[in-house]
Amino acid sequence: MQVVDATLDHVAQLLAKPIRPDDVDEWFAASGGKDVGLTLREAFASSAMAGQRALLNANGECICLWGLFSEGGLGYIWLIATVEAEAVARSIHRLWRKELRLLHQHHAVLHAVAYALNDLHLHWLKTIGFRLVGTSAVGPGRLPFNTYVRED
């Protein structure tokens, strides 16, 4: 596995693969994309979060994207993964020490919002040092999302 700066080709590679169903559900729970007829590809392509870092498998194909976006002066992390990436989740967790240092170069405090029903996402945030600070209703469906912070 290799981590590289993401390109639009990496986004296309990732979206051509089966995305983790929980990630798809989370994306649409927050955006309401299914309610307005967007596909995941359209929603992702129109997003300002179109990939900052990419994880490549042994064949050089993108299996996971993550990054940071700023909103209201706060830095929010995000991640979207394929089913293939889920199968190597433990290996991916080992990458996070370095990746978090890179993200913290932009914001001393990182924020994350996760769908309260996406168990793997919630576990990942806890594992990499995020602390739960609250739950609120998000998106058009007013679904439960947890808010987390991580300080450098």
Nearest atoms (heavy-atom pairs only) where His107 meets Leu110 = O-CD2, 3.9 Å
Given side chains that start at C-beta, do those of Ile92 and Leu55 come closer than 4.5 Å, heavy atoms only?
-> yes
Would you say the side chain of His10 lies within less than 4.5 Å of the side chain of Val4, judging by non-hydrogen atoms?
-> yes
Roughly how far apart are Leu120 CG and Glu26 CD, rounded to 0.5 Å?
-> 10.5 Å
Closest contact, heavy atoms only, Ala6 versus Leu65 | CB-CD2, 3.8 Å
Taking the side chain as C-beta and beyond, is there a heavy-atom pair between Asp23 and Asn118 under 4.5 Å?
-> yes
Hey, could you give me the CD1/CZ distance between Ile63 and Arg20, rounded to the nearest 0.5 Å?
-> 12.5 Å
Approximate separation, where rounding is to 0.5 Å, of Ile128 CD1 and Leu103 CG | 8.5 Å
Side-chain heavy-atom pair Leu132, Leu122 within 4.5 angstrom cut-off = no
Supply the atom-to-atom distance Gln2 CD to Leu95 CG, rounded to the nearest 0.5 angstrom.
-> 11.0 Å
Using only heavy-atom distances, determine whether the side chains of Arg150 and His111 contain a donor-acceptor pair under 3.5 Å.
-> no
So, do Trp66 and Trp124 have ring centers that fall under 6.0 Å from each other?
-> no
Do any N or O atoms from the side chain of Ser70 and from the backbone of Gly73 form a donor-acceptor pair under 3.5 angstrom?
-> no
Could you tell me the separation between the CZ atom of Arg131 and the OG1 atom of Thr147, rounded to the nearest 0.5 Å?
-> 11.5 Å
Heavy-atom check, side chain of Met1 versus side chain of Val88, under 4.5 Å | yes
Do the non-hydrogen side-chain atoms of Glu61 and Lys17 ever get within less than 4.5 Å of each other?
-> yes
Just wondering, do Tyr76 and Leu68 contact through their side chains at under 4.5 Å, heavy atoms?
-> no
Classify the side-chain pair Asp5/Gln52 by whether it contains a donor and acceptor separated by less than 3.5 Å.
-> no
Rounded to the nearest 0.5 Å, the CG atom of Leu143 sits from the OG atom of Ser136 at a distance of 11.0 Å
Side chain to side chain, Asn57 and Glu84, heavy atoms closer than 4.5 Å = yes
